[in-house]
*Asks:* 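For reference, the structure I am asking about is given below.
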Amino acid sequence: MNIVEQVQKKLKQEIREAVLKASLAAEEQIPEVILEVPKEKAHGDYSTNMAMQLARIAKKPPRKVAEELIEHFDKSKASIEKIEIAGPGFINFHLDNSYLTQLIPTILESMEEYGRTAVGNNQKVQVEFVSANPTGDLHLGHARGAAVGDSLCNILDKAGYNVSREYYINDAGNQINNLALSVEARYFQALGLEKEMPEDGYQGADVIGIGDRLAEEFGDKYVNVPEQERFDFFREYGLKYEMEKLKQDLENFRVPFDVWYSETSLYNNGKIDEAMQVLKDNGHIFEEGGATWFRSTTFGDDKDRVMIKQDGSYTYLTPDIAYHKDKIDRGFEKLINIWGADHHGYIPRMKAAIQALGYARETLEVEIIQLVHLYKDGEKMKMSKRTGKAITMRDLIDEVGLDATRYFFAMRSADTHLDFDLDLAVSQSNENPVYYAQYAHARISSILRQGAEQGIIYDLNANVSILGSEKEIDLLKKLGEFPLAVAEAAEKRMPHRITNYIFDLASVFHSFYNAEKVLDLENKDKTVARMALIKSVQITLRNALALIGVSAPEKM
RNA sequence: GUCUCAGUAGCUCAGCUGGAUAGAGCGACAGCCUCCUAAGCUGUAGGUCGUGAGUUCGAAUCUCGCCUGGGACACCA
């Protein structure tokens, strides 16, 4: 707990104490103390609406309640400088903010650990994301899911959760057969032979590439082998090729995974049968029309779902249920799935399955990633995966750059539609919000470099108590918020809270930079203290950027 | 038709557990480099928070209806 959290806690305690001493409410009647930072600086450092909340219980007008509360408030505690009643009954606290300078040694000592909290309680959380079919290139929606998922994992980790990142490989079922047939067609075509693409074949350029590669490597070797052998070979080859490319693309996008989980493995190790058996034992399975059904309506789904089709094969749902059972069997207490908007209708049946297996519905959380629309020259770009005309994640990174892409995806809440302005993201100018934060970091680095050249040394023991100007206090306040911002982003599963924080911190720094000079040879003590301050800003900025996978350059 | 997400400044979006005069960026306008990076700073203009009701001391925020837009509603994955 840093000094800011300690002061807030103290303040809340004192407010409760005052309520009791003033006999405004009995102990069990007191609502949770809400402290907020007023938008208006004139309204003090913190304010509480306690008096308004108590008005009914105390049967007195809010301002009267506030007066009595203040009367019994012990001002000697919690650095209080002044207390005022304002508006309809707010109580505004003005603090002696000199305590904030204690943040500096805390941050300098914590370094890359600053921001870490234990709110997650080491809970075992698994985040499954991207999980795109290995049948083509990752597109924009996947890129957004990857960026949001990775950022969320970083944030959860920082907030004290025990996180595992997982990718579910859909390497079974029709779409892979389709891939095999598409590869086959492209292979024949690469050799100049006639071969039609399957009806729902993958038209992407990457499959053409696989065909070319096969033709080059093996010549016409596979033209005249038995069909089944050829099919099996192309299936394996295509899958391996697509997966390698996928892994490489994600790695380039700074998105690592701990586990790559194969759907096929569920078929081979009996886990599907196992899951089916549990559902059967729990009485949620029935036969009808030659198919085997899961009675998901018991748990609020719109209709029951087929698990084994008339032809004896599984639907997509069946291995997926086994997969989720396996996740829980592996000891995860919370499963977070990050899905594209098109899978949105799938949530109720998956949650139903979790319940039918005998677990709490809330074990599974699904975060939906809404669609991305690309705009260029003010116009929406059309794309279609079927015809292979989609812009791929790789195209996007090549054109926009890694940092800008990550930042753009992280900065919008994931469940709203995103209009991605290519021209804006590409622009290397002040129009681009990505550079704003990086620029602040580079500026700080530059000042610290020059300070060092002039032999100015600061350390944990720098006398920071001499800091206290308005801009310095603004900076310190913002620095103190970081652990809270991370904790809140984690608990609400909202990575974009972090970009908001980054922007705010950078903004306060730029403002400070323009108002006050750091390096001042006439006043060495102040220079040392300010260098320690901006070093703290640099550390915090870098930590925050790391959470969303954006680099913190020393120079720009 | 059912479900779901959204609608906030000209554009793109924030807005916390319901709080005070609804905020940023871009764009427009006016200023700031003899000074650590002007990719920056300071200020001005710009709003019926889609709409109608309800809940209450108080609603952009919660509830319901309606309008508009996106998406999902397979024995596909």
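All values below were derived from every heavy atom in this structure, side-chain atoms included, with hydrogens, water molecules and symmetry-related copies excluded. In the text below, chain A, chain B and the rest are named by the order of the sequence lines, each starting its count at 1.
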*Asks:* Just checking A/E516: base, sugar-phosphate only, or nothing, at a heavy-atom cut-off of under 4.0 Å?
*Replies:* base

*Asks:* If you measure from the C1' atom in B/rU61 to the same atom in B/rG18, how many Å do you get, rounded?
*Replies:* 6 Å

*Asks:* Considering every strand and a 4.0 Å limit on heavy-atom distances, what is the contact class for A/S413: base, sugar-phosphate, or nothing?
*Replies:* sugar-phosphate

*Asks:* Pick base, sugar-phosphate or nothing for A/R497, based on heavy-atom distances below 4.0 Å to the nucleic acid.
*Replies:* sugar-phosphate

*Asks:* How far, in whole Å, is B/rC13 from B/rA9 if one measures between their P atoms?
*Replies:* 11 Å

*Asks:* Here's a test of your reading of the structure: between A/V518 and A/Y346, which maps to the more 5' nucleotide of RNA chain B?
*Replies:* A/V518

*Asks:* Evaluate side-chain contact (heavy atoms from CB on, under 4.5 Å) for A/Y168 paired with A/L266, printing each intermediate quantity in order.
*Replies:* CA-CA 11 Å; A/Y168 181 54; A/L266 291 163; 3.8 Å; yes

*Asks:* Rounded to the nearest Å, what distance is computed from the CZ atom of residue A/R412 to the P atom of nucleotide B/rC11?
*Replies:* 15 Å

*Asks:* OP1 or OP2 of B/rA38 sitting under 4.0 Å from any side-chain N/O of A/Y513?
*Replies:* yes

*Asks:* Does A/D342 or A/Y439 map to a spot on RNA chain B nearer the 5' end, using the closest nucleotide for each?
*Replies:* A/Y439

*Asks:* Looking at B/rC76, I'd like to know if its phosphate oxygens (OP1 or OP2) sit under 4.0 Å from a side-chain N or O belonging to A/T315.
*Replies:* no

*Asks:* Just the rounded figure in Å: distance from C1' of B/rC36 to CZ of A/R443.
*Replies:* 9 Å

*Asks:* Distance check needed: B/rC41 P versus A/D504 CG, whole Å only.
*Replies:* 12 Å

*Asks:* For B/rG7, which nucleotide is its Watson-Crick or G-U wobble mate, given both distances must be under 3.5 Å?
*Replies:* B/rC67

*Asks:* Heavy atoms under 4.0 Å, any strand shown: does A/A55 hit a base, just sugar-phosphate, or nothing?
*Replies:* nothing

*Asks:* With a non-hydrogen cut-off below 4.0 angstrom, is A/H417 in contact with a base, only sugar-phosphate, or nothing?
*Replies:* base

*Asks:* With the side chain of A/F503 defined as its heavy atoms from C-beta on, choose the nearest nucleotide among B/rG19, B/rA72, B/rA24.
*Replies:* B/rA24

*Asks:* Under a 3.5 Å limit for both distances, which nucleotide forms a Watson-Crick or G-U wobble pair with B/rA72, could you say?
*Replies:* B/rU2

*Asks:* Closer than 4.0 angstrom, basic N to acidic O: yes or no for A/K351 and A/E362?
*Replies:* no

*Asks:* Compare side-chain N and O positions of A/K303 against OP1 and OP2 of B/rA74 and report whether any pair is under 4.0 Å apart.
*Replies:* yes

*Asks:* Compare the minimum distances between each of B/rG71, B/rA39, B/rA14 and the side chain of A/N500, then state the nucleotide with the smallest one.
*Replies:* B/rA14

*Asks:* Among B/rC36, B/rA20, B/rC75, which nucleotide has an atom closest to any side-chain atom of A/K517?
*Replies:* B/rC36

*Asks:* Say you pick atom P in B/rU48 and the same atom in B/rA22; how far apart are they, in whole Å?
*Replies:* 13 Å

*Asks:* Would you confirm whether the ring centroid of A/Y261 sits within less than 6.0 angstrom of the ring centroid of A/Y167?
*Replies:* no

*Asks:* In Watson-Crick or G-U wobble terms, both distances under 3.5 Å, what is the partner of B/rC35?
*Replies:* none

*Asks:* Would A/H43 count as stacking on B/rA20 if stacking means ring centres less than 5.5 angstrom apart and planes tilted under 30 degrees?
*Replies:* yes

*Asks:* Out of B/rC76, B/rA20, B/rA24, which nucleotide sits closest to the side chain of A/P38?
*Replies:* B/rA20

*Asks:* Ring centres under 6.0 Å, that's the criterion: do A/H510 and A/Y439 meet it?
*Replies:* yes

*Asks:* Before you tell me yes or no, could you show the steps for A/D45 and A/F93 under side-chain contact (heavy atoms from CB on, under 4.5 Å), namely the whole-Å CA-CA distance, both residues' side-chain angles and the distance that decides it to 0.1 Å?
*Replies:* CA-CA 6 Å; A/D45 298 298; A/F93 297 92; 5.9 Å; no

*Asks:* What's the gap between B/rG52 and B/rA77 when it is taken at their P atoms, as a whole Å value?
*Replies:* 48 Å

*Asks:* Syn or anti for B/rC33, given that syn means the glycosidic angle lies within 90° of 0?
*Replies:* syn

*Asks:* State whether A/T416 places a side-chain N or O below 4.0 Å from either non-bridging phosphate oxygen (OP1 or OP2) of B/rA14.
*Replies:* yes

*Asks:* Would you mind telling me which of B/rA39, B/rG19, B/rA20 lies closest to the side-chain atoms of A/M556?
*Replies:* B/rA39

*Asks:* For B/rU37, take OP1 and OP2 only and decide whether either is under 4.0 Å from a side-chain N or O of A/Q450.
*Replies:* yes

*Asks:* Roughly how far apart, to the nearest Å, are B/rC33 and B/rG47 at atom C1'?
*Replies:* 35 Å

*Asks:* Classify A/N92 by what it touches in the nucleic acid, base, sugar-phosphate, or nothing, heavy-atom distance under 4.0 Å.
*Replies:* base

*Asks:* Between B/rA59 and B/rU51, how far apart are the C1' atoms? Round to whole Å, please.
*Replies:* 15 Å

*Asks:* Check every strand shown and say whether A/D419 touches a base, only sugar-phosphate, or nothing at a heavy-atom separation below 4.0 Å.
*Replies:* sugar-phosphate

*Asks:* Taking the side chain of A/L371 as heavy atoms from C-beta outward, which of B/rU12, B/rG71, B/rA20 is closest to it?
*Replies:* B/rG71

*Asks:* Answer yes or no: does atom NZ of A/K477 have more than 12 heavy-atom neighbours from other residues, nucleotides or ligands under 6.0 Å?
*Replies:* yes

*Asks:* Taking only the side-chain heavy atoms of A/D415 (C-beta and beyond), determine which of B/rA77, B/rC5, B/rA20 contains the nearest atom.
*Replies:* B/rC5

*Asks:* Distance to the ring centre below 6.0 angstrom and angle to the axis at most 45 degrees; does that hold for A/R295 and A/F286?
*Replies:* yes

*Asks:* Quick one: is A/S446 getting a side-chain N or O under 4.0 Å of the B/rU37 phosphate, OP1 or OP2?
*Replies:* yes

*Asks:* Can you tell me the Watson-Crick or wobble partner of B/rA30, both distances under 3.5 angstrom?
*Replies:* B/rU42

*Asks:* B/rA24 and B/rC16: how far apart are their P atoms, nearest whole angstrom?
*Replies:* 16 Å

*Asks:* Return the nearest nucleotide to the side chain of A/I447; candidates are B/rC36, B/rA20, B/rC16.
*Replies:* B/rC36

*Asks:* Which nucleotide, if any, forms a Watson-Crick or G-U wobble pair with B/rA22, using both distances under 3.5 Å?
*Replies:* none

*Asks:* Let's see if you can work this out: which of B/rG19, B/rG15, B/rC41 has an atom nearest to the side-chain heavy atoms of A/H496?
*Replies:* B/rG15

*Asks:* Using a distance-only test with no angle check, is there a side-chain donor-acceptor pair under 3.5 angstrom linking A/T292 and A/E287?
*Replies:* yes

*Asks:* Both distances below 3.5 Å, Watson-Crick or wobble geometry, any strand: find the nucleotide opposite B/rA14.
*Replies:* none

*Asks:* To the nearest 0.5 Å, what is the distance between CG (A/N133) and OH (A/Y202)?
*Replies:* 6.0 Å

*Asks:* Check whether any side-chain nitrogen or oxygen of A/K39 sits under 4.0 Å from OP1 or OP2 of B/rA22, and answer yes or no.
*Replies:* no

*Asks:* For B/rA74 and A/K309 - does any side-chain N or O of the residue sit under 4.0 Å from the phosphate oxygens OP1/OP2?
*Replies:* no

*Asks:* For A/K555, which contact category applies under a 4.0 Å heavy-atom criterion: base, sugar-phosphate, or nothing?
*Replies:* base

*Asks:* With a 4.0 Å cut-off on heavy atoms, is A/G289 in touch with a base, just the backbone sugar-phosphate, or nothing at all?
*Replies:* base

*Asks:* Could you measure between the two C1' atoms, the one in B/rC67 and the one in B/rA53, and give it in whole Å?
*Replies:* 15 Å

*Asks:* In Watson-Crick or G-U wobble terms, both distances under 3.5 Å, what is the partner of B/rG54?
*Replies:* B/rC62

*Asks:* Is there a side-chain polar atom (N or O) of A/R530 under 4.0 Å from OP1 or OP2 of B/rC36?
*Replies:* no

*Asks:* Applying the 5.5 Å / 30° rule, does A/Y436 stack onto the base of B/rA39?
*Replies:* no

*Asks:* In whole Å, what is the span from the CZ atom of A/F294 to the C1' atom of B/rA74?
*Replies:* 17 Å

*Asks:* Would you kindly check if the NZ (Lys) or CZ (Arg) of A/R443 is within the cone defined by 45 degrees around the ring axis of A/Y513 and under 6.0 Å from the six-membered ring centre?
*Replies:* yes

*Asks:* Go through B/rU37, B/rC75, B/rA72 for me and flag the one nearest to the A/V306 side chain.
*Replies:* B/rC75

